[in-house]
Amino acid sequence: MIKWRFPSNDHGENKGINDSGVATFRGTPLKSLAREICQNSLDAARNKTVVIEFNMFDISTNTLPGYDVLTDVFDRCREFWSVQKGSATKDFFVNAAKKISNQTCSVLRISDFNTSGLLGSKEDINTDWTNLTKSSGASDKKRTAGGSYGIGKYAPFACSDFATVFYSTYDEEKQSAYQGVSRLVTFRRAEDNETTQGIGYYGEEYNKPVYEQLNLDPSFARNEGDYGTDIYICGYKFSGEDWKKGIIISVLDGFLGALWKEKLIIKVGDDVISKDTLSNLIEEYNEELTGNTQKYYELLCSEKTVWLEEDFLGLGNISLGLLIGDPDAPRRVAMIRKTGMKILEKDRLPSHVPFTGVMFIEGDKLNERLRLIENPEHTEWQPDRSSNPNKEKELLKALFARIREQIENLVMHSSMDEMDAVGVGNYLPDEGDENNDKALEEVVSDKVVEIDKKVIKKKTLNGQAPGAFEKETTDEYEEGFHKEPGGEEEEWFHTGGSTINPEPKPSQPAHIEQGGDGKIPKKTTVGLNKFVPVCVDKNSGTYVLMVVPSDDGEEGTLQIYMSAETKNYEAPILSASVIGGNNVTVENGCISGLTFKKGQPLRIKIQLKFRDYCSFEVKAYAIKK
């Protein structure tokens, strides 16, 4: 006989309303529902695009299977727990009794297609069917699957005012079955006054399923060969006019990767979520979307995205997409496992570079290891869940370090033409507006202004004021040339003896000699069309400098200063290297041995003895051709 049965607990443990499984998803019921349903269906995919339908409908409440028994059970649950001081249990069953007494109730049908269905409905243990309907904490999925804890099945119950769900399947072995499950609380049965386990089953004797399909939705029926599973959430909580909105937002946020790779198509009422409709839906729900979904979608669509693929540590392929330059970029990487579900957004990456990232983790071995340290909500990787936490911590450390390395490499090798990292704009020249210049008119003003008189001091041969001791690099001479008294230049000469007064002495006429020949070619200032410093890693003091010279020059030198409020300081450069170029030398804040080519970017990676963000000024010198 088909009916509801609530097994006795044989005077054992009483089960309350705060069942750990259902309670896990009560905080985010819609988000959890969408994630768990899509994940389970993708796990059962038959090498085709999985299609999932969400359809809400109303039926006469008295047509619910076992309606009269549920009505009585709700009252018995409330009575059994009436001695409790807390009101949570009482409130739940007062609401349930009220809703089930209405003439109609809302039901949400969730159906998947192109899946294997729930296999093993005639077995007793360790099948897809029994793990879903009659097991707790049991999961026996393939290693690339999404779930591993077996508690995702509780998510639909968190969306039901009756805590009641019906499962129906038509599996690829052509077997049909359905069964109802009601996850309530302990109460006393009417027939024998025995206390129950709190969970009830609608089906045949010994809580066996009914071997046929269930069609609660009058507008729905499966065709021959149309394998899949149907889930009916009775007394659906979120049955308002905008019932579709929460589901659509949850799917877009959680399964953008699966939708983009055409592993998944979702139908919510009349709305279709697929790769072809992503653009319109993301625009429509942009204000409600969370988790930087729009930015990740822009990355997937952009032709400027750089994709890097590799076999990670021999565990299988990973594919990392990076898009650099958007000042509003989240500076995060969406981590997406093989099922297409986003697990987390990795932050604490180079923060001075505006970037968006998406990583698809495709390798089977890597997916298996990450699946085993995933939390039940599929939102975080927790190494302590592993039998060898240190091993998994090292795995995550290596994976995240690889992301940082790829971001740094991309920054160093990027043209940076369209890149405007935080603060970079301060160093770029302003572009004049010709139209504004044309609008300027000459006017005669009678306003009296002061004119500052600028006195140009005489400089020594190397560009310093006479007697100055500060090192300057504007002029250099070849070996064999030396300064001699007399001539059109000026220099200070020591006349011998002890120096009693260390003050600078008056400069004397001087000239350059080498056996009577003239001056060596000297280094002169080289103009820069652009100078862009980008912090790659603040903690190590690593920067990449891009300079675009306005002239050709050999034996070039860059003198780099750190800017402060009132003065500049010689940059404490530990090391420097030209990216893709020749070796250089570093001394006293100067990088020497450079070759300048007009209009061609020169990228230089430097490391400072300074561990924070800083601003730079730079002077360039070279022997011009």
Side-chain angles (χ1 to χ4, degrees), residues 31 34-35 38-39 42 45 48-52 144 146 247-268 271-310 312 316-347 349-350 353-363 366-367 370 378-379 399-400 402-404 406-407 409-411 414 418-419:
K31 179 179 179 180
R35 289 175 71 87
C38 293
Q39 170 217 283
L42 286 166
K48 297 181 181 179
T49 300
V50 172
V51 178
I52 303 176
T144 58
I247 296 173
I248 292 173
I249 291 172
S250 298
V251 169
L252 291 174
D253 282 338
F255 288 89
L256 179 64
L259 293 163
W260 177 259
K261 291 202 168 187
E262 299 182 282
K263 293 182 177 181
L264 185 65
I265 294 176
I266 306 289
K267 298 179 181 179
V268 186
D271 294 332
V272 178
I273 312 174
S274 67
K275 184 176 182 178
D276 295 334
T277 63
L278 278 175
S279 179
N280 292 336
L281 289 172
I282 288 176
E283 181 178 356
E284 180 179 353
Y285 293 98
N286 181 38
E287 294 184 0
E288 288 86 1
L289 289 173
T290 60
N292 303 298
T293 300
Q294 183 180 24
K295 292 299 181 183
Y296 296 134
Y297 178 68
E298 291 174 0
L299 176 149
L300 294 173
C301 295
S302 176
E303 295 180 354
K304 297 180 181 179
T305 300
V306 177
W307 288 97
L308 307 157
E309 295 190 15
E310 65 174 297
F312 181 71
N317 188 64
I318 59 173
S319 179
L320 175 63
L322 293 172
L323 182 60
I324 292 181
D326 180 0
D328 296 324
R331 295 176 173 84
R332 297 188 177 198
V333 174
M335 310 293 289
I336 300 175
R337 285 218 292 115
K338 190 169 184 176
T339 58
M341 178 171 62
K342 181 183 72 178
I343 304 302
L344 56 85
E345 296 182 33
K346 176 57 185 169
D347 56 2
L349 296 168
V353 181
F355 72 90
T356 304
V358 170
M359 174 177 279
F360 291 101
I361 301 170
E362 301 289 349
L366 184 56
N367 268 273
L370 292 176
H378 310 292
T379 57
L399 185 62
F400 297 151
R402 189 61 178 144
I403 294 174
R404 294 188 188 96
Q406 293 289 23
I407 294 172
N409 288 340
L410 183 58
V411 170
S414 170
E418 299 181 6
M419 183 174 178

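Residue numbers start at 1 and run along the sequence shown.
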For Ser250, side-chain hydrogen bond (donor to acceptor under 3.5 Å, both in side chains) partners two or more places apart:
none

Sequence neighbours excluded, the answer for salt bridge (charged side-chain N to carboxylate O under 4.0 Å, His left out) partners of Glu288 is Lys245

Residues at least two apart in sequence or cross-chain that pass side-chain hydrogen bond (donor to acceptor under 3.5 Å, both in side chains) with Thr379, listed by chain then number, are Asn375

Could you list the residues that satisfy salt bridge (charged side-chain N to carboxylate O under 4.0 Å, His left out) with Lys275, not counting sequence neighbours?
none

Is the shortest heavy-atom distance from the side chain of Leu256 to the side chain of Leu300 under 4.5 Å?
yes

Within this structure, what is the CG-CG distance for the pair Asn286 and Leu281, rounded to the nearest 0.5 Å?
12.0 Å

Do you know which two heavy atoms are closest between Phe360 and Gly257, and how far apart they sit?
CE2-CA, 3.8 Å

Partners meeting side-chain contact (heavy atoms from CB on, under 4.5 Å) with Asp328 (sequence neighbours left out):
Lys295, Asp326

For Val251 and Leu259, run side chain to side chain contact (heavy atoms under 4.5 Å, CB included): C-alpha distance rounded to whole Å, both residues' side-chain angles, the deciding distance at 0.1 Å, then the answer.
CA-CA 9 Å; Val251 169; Leu259 293 163; 4.0 Å; yes

Within the structure provided, determine whether Leu252 and Leu278 are in side-chain contact (heavy-atom separation under 4.5 Å).
yes

Please evaluate residues Ile318 and Met359 with respect to the criterion side chain to side chain contact (heavy atoms under 4.5 Å, CB included), reporting the C-alpha separation (whole Å), side-chain torsions for both, the decisive distance (0.1 Å), and the verdict.
CA-CA 7 Å; Ile318 59 173; Met359 174 177 279; 3.9 Å; yes

Given side chains that start at C-beta, do those of Arg337 and Leu370 come closer than 4.5 Å, heavy atoms only?
yes

Partners meeting side-chain hydrogen bond (donor to acceptor under 3.5 Å, both in side chains) with Glu310 (sequence neighbours left out):
Arg402

Find out whether Asn292 and Thr356 are in side-chain contact, i.e. whether some heavy atom of one side chain is under 4.5 Å from a heavy atom of the other.
no

Taking all non-hydrogen atoms of both residues, which atom of Leu299 and which atom of Trp307 are closest, and how far apart?
CD2-CZ2, 3.9 Å

For Lys261, which residues count as a salt bridge (charged side-chain N to carboxylate O under 4.0 Å, His left out) partner, sequence neighbours excluded?
Glu362

Side-chain heavy atoms of Glu345 within contact of Asp347, under 4.5 Å
no

For Ala258, what residues pass the side-chain contact (heavy atoms from CB on, under 4.5 Å) criterion, not counting sequence neighbours?
Leu42, Phe255, Lys263, Leu264

Could you report the tightest heavy-atom contact between Gly357 and Tyr296, atom names first, then the distance?
O-CE2, 3.3 Å

Could you list the residues that satisfy side-chain contact (heavy atoms from CB on, under 4.5 Å) with Thr49, not counting sequence neighbours?
Ile265

Restricting to non-hydrogen atoms, name the atom on Asn367 and the atom on Lys338 that form the minimum distance, rounded to 0.1 Å.
OD1-N, 3.0 Å

Leu344 meets the side-chain contact (heavy atoms from CB on, under 4.5 Å) criterion, sequence neighbours left out, with Met335, Lys346, Trp381

Excluding sequence neighbours, so at least two apart, what forms salt bridge (charged side-chain N to carboxylate O under 4.0 Å, His left out) with Asp271?
Lys244

Asp253: which residues meet the side-chain hydrogen bond (donor to acceptor under 3.5 Å, both in side chains) condition with it, sequence neighbours left out?
Thr290, Thr293

